[in-house]
Enquirer: 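One structure, as structure tokens, below. Some questions next.
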Number of protein chains: 2
Amino acid sequence: MVPESLRRGCVPEATVGRLPLYLRALTGLHDQGVTSIASEELASRSGVRSTQLRKDLSHLGSYGVRGVGYDVELLAAQIAQELGLTQQWPVVIVGMGNLGRALAAYGGFSGRGFRIVALVDDDPEVVGTVVEGLTVTTLADLATKGPTVTIGVITTPAPAAQAVADELVAIGVRSLLNFAPGHLVLPDGVDVRGVDLATELQILAFHEQRRLLAISTHDPLSPAADTEAIG
Amino acid sequence: MVPESLRRGCVPEATVGRLPLYLRALTGLHDQGVTSIASEELASRSGVRSTQLRKDLSHLGSYGVRGVGYDVELLAAQIAQELGLTQQWPVVIVGMGNLGRALAAYGGFSGRGFRIVALVDDDPEVVGTVVEGLTVTTLADLATKGPTVTIGVITTPAPAAQAVADELVAIGVRSLLNFAPGHLVLPDGVDVRGVDLATELQILAFHEQRRLLAISTHDPLSPAADTEAIG
DNA sequence: ATGACTTTGTGAACGCTTGCACAAAGTCGC
DNA sequence: GCGACTTTGTGCAAGCGTTCACAAAGTCAT
């Protein structure tokens with residue numbers, strides 16, 4: 001019942017970030033009828049090195065068989081338990097714009113440990129309408145007569161995000177996934193993960209520029225430093 | 001013209017990931033009419049420590065004034081240049097489902113260094129329709145008669161993502177932002193960033209479970225399990 | 001049963017990232 | 001002009017994460 005990791009000590013944050021990768025690869029293998037897999041193969045399907053995979057799994061306990069590999073089903077169950085996916089976490093999406101609707105329509109929630117139990121917006125035109133089988137409510141209604149929610153997903157415009165986050169915390173939500181650009185300041189104990197399109201693109205742009213500069217810098221004007229460093 | 005960092009050595013990856021945060025905070029300050037800011041204040045608005053902010057900025061060069069702080073406009077310009085945002089990178093979105101449309105409608109692209117120049121789908125019903133002022137084309141048409149694109153955003157269902165990525169790389173795209181779950185395997189030199197809703201939620205679930213277990217483990221029953229598991 | 005082979009699990013080394021302490025360098029009041 | 005004060009920039013140490021090398025522990029053919 002209690003995850004192995006609580007006995008073996010805590011799981012490093014970097015490992016936690018990769019467990020979902022492994023779990024996804026494992027469920028894919030399971031669907032293909034594969035019952036056993038070696039760390040080398042599972043690692044390449046997850047995009048990591050096999051040594052890293054093994055060390056990550058070692059934080060959960062020893063569920064592999066030396067000389068053979070891992071039982072797909074068993075390992076998937078262990079990771080799912082570690083991630084707390086044996087139960088269904090109730091999720092609320094706040095902000096029924098394009099993105100909020102896209103997420104509400106996304107089917108990958110249920111069956112993976114999450115269920116959308118409420119949709120929220122502040123536009124009177126939108127409140128009361130039915131989206132994906134759920135009636136959109138206001139935040140106030142969610143607080144008073146809505147279902148209990150554990151995870152809040154914020155898909156509002158940036159200016160509203162902080163106020164929404166504050167209200168969600170006020171009704172007991174401790175885990176937030178924020179799609180609005182900007183940094184939320186919240187009390188300790190609240191877990192926020194930000195997903196920001198602009199940030200991701202800008203990181204790509206940085207590397208893209210590096211590629212271009214690396215090429216164009218081949219013609220000389222500043223070569224003195226470079227050539228010394230190489231040759 | 002050439003960013004300062006090319007002379008001062010390379011910028012750490014962790015720093016690159018935070019530069020967009022600083023840039024966003026700075027543009028916000030600029031809009032409010034603030035012209036100068038100290039590292040302490042800028043750091044708290046970005047959600048990092050001031051020492052970290054200063055070290056990050058030191059990789060770009062010295063643009064602060066001791067005793068005063070940073071010139072908002074100048075620093076923003078420096079970061080923008082470092083990230084390669086002085087030009088407009090042409091972006092294609094592949095997959096005109098809910099998420100693809102949401103991204104196409106998102107206004108935060110232009111003015112921040114990116115411009116959507118093409119929308120792609122493979123559904124004959126969708127190809128030819130106009131979304132956000134752009135006519136949806138096929139990948140084949142993009143390759144032959146489409147505009148040049150530098151960054152590809154993949155919002156297709158998971159099974160199609162790998163094939164789409166391969167085709168994008170074939171027409172010269174070297175930077176991909178993948179919203180489809182799963183790991184893309186691509187040649188060296190291609191930069192992929194994955195954004196996965198399920199992964200983010202599962203990381204939140206992990207911490208949420210930790211919180212709950214930390215409370216429920218206060219009552220004793222589990223210590224026995226320890227001895228059993230070990231012996 | 002046994003030896004060759006495969007694969008896991010892990011201690012140790014390495015590199016990257018963060019945080020600290022402090023010197024350097026400026027402003028501001030007088 | 002000058003001293004007190006503020007804030008930046010950076011060498012250094014601690015912590016975290018990744019990779020390497022290898023022993024431990026199993027399978028499989030014979």
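Naming convention: chains lettered A, B, ... in sequence-line order (proteins, then strands); numbering from 1 in each chain.
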Enquirer: Near DNA chain D, counting only heavy atoms under 4.0 Å, which residues of residues 30-47 of chain B show up?
Expert: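 The answer is A38(B), S39(B).
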Enquirer: Check this for me: does any side-chain nitrogen of one of E82(A) and R210(B) sit under 4.0 Å from a carboxylate oxygen of the other?
Expert: yes
Enquirer: Counting only side-chain nitrogens and oxygens, does Y70(B) get under 4.0 Å of the OP1 or OP2 atom of dG9(D)?
Expert: yes
Enquirer: So among V195(B), V92(B), I93(B), V164(B), which one has a side chain to side chain contact (heavy atoms under 4.5 Å, CB included) with I154(B)?
Expert: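 Testing each of V195(B), V92(B), I93(B), V164(B) against I154(B), the sole residue satisfying side chain to side chain contact (heavy atoms under 4.5 Å, CB included) is V164(B).
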Enquirer: Between L53(A) (CG) and dT10(C) (P), how many Å, whole number?
Expert: 14 Å
Enquirer: Can you find a heavy atom in the side chain of R24(B) that is under 4.5 Å from one in the side chain of P181(A)?
Expert: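 R24(B) vs P181(A): side chains touch.
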Enquirer: Determine whether more than 12 heavy atoms belonging to other residues, nucleotides or ligands lie under 6.0 Å from atom CD of E40(A).
Expert: no
Enquirer: In whole Å, what is the span from the CG atom of L60(A) to the P atom of dT10(C)?
Expert: 12 Å
Enquirer: Without decimals, in angstroms, what is the distance between R66(A) CZ and dG26(D) C1'?
Expert: 8 Å
Enquirer: Is any side-chain nitrogen or oxygen of R54(B) closer than 4.0 Å to OP1 or OP2 of dT8(D)?
Expert: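 It does, given that an N or O in the side chain of R54(B) lies less than 4.0 Å from OP1 or OP2 of dT8(D).
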Enquirer: Between atom OG1 of T35(B) and atom CG of L29(B), what is the distance when rounded to the nearest 0.5 Å?
Expert: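 The CG atom of L29(B) is 10.0 Å from OG1 of T35(B), to the nearest 0.5 Å.
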Enquirer: Begin with the C-alpha distance, continue with both residues' side-chain angles, and end with the deciding distance and a verdict on side-chain hydrogen bond (donor to acceptor under 3.5 Å, both in side chains) for Y106(B) and N98(A).
Expert: CA-CA 8 Å; Y106(B) 176 57; N98(A) 286 300; over 6 Å; no
Enquirer: Under the side chain to side chain contact (heavy atoms under 4.5 Å, CB included) test against V149(A), which residue among I116(A), V91(A), V117(A) passes?
Expert: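 Passing option: V117(A).
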Enquirer: Calculate the interatomic distance between L57(A) atom CG and dT10(C) atom P; express it in whole Å.
Expert: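 The answer, rounded to whole Å, is 11 Å.
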Enquirer: Tell me: CG of D71(A) to P of dG26(D), nearest whole Å?
Expert: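 Value for this atom pair: 16 Å.
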Enquirer: Side chains of S46(A) and H183(B): does their closest heavy-atom pair fall under 4.5 Å?
Expert: no
Enquirer: Can you pull every protein N or O that's under 3.5 Å from an N or O on nucleotides 15-20 of chain D?
Expert:
unit_1: dT18(D); atom_1: OP1; unit_2: R18(A); atom_2: NH1; d: 2.7
unit_1: dT18(D); atom_1: OP1; unit_2: Q52(A); atom_2: NE2; d: 3.4
unit_1: dT18(D); atom_1: OP2; unit_2: R18(A); atom_2: NH1; d: 3.4
unit_1: dT18(D); atom_1: OP2; unit_2: R18(A); atom_2: NH2; d: 2.7
unit_1: dT18(D); atom_1: OP2; unit_2: Q52(A); atom_2: NE2; d: 3.3
unit_1: dT18(D); atom_1: O5'; unit_2: Q52(A); atom_2: NE2; d: 2.9

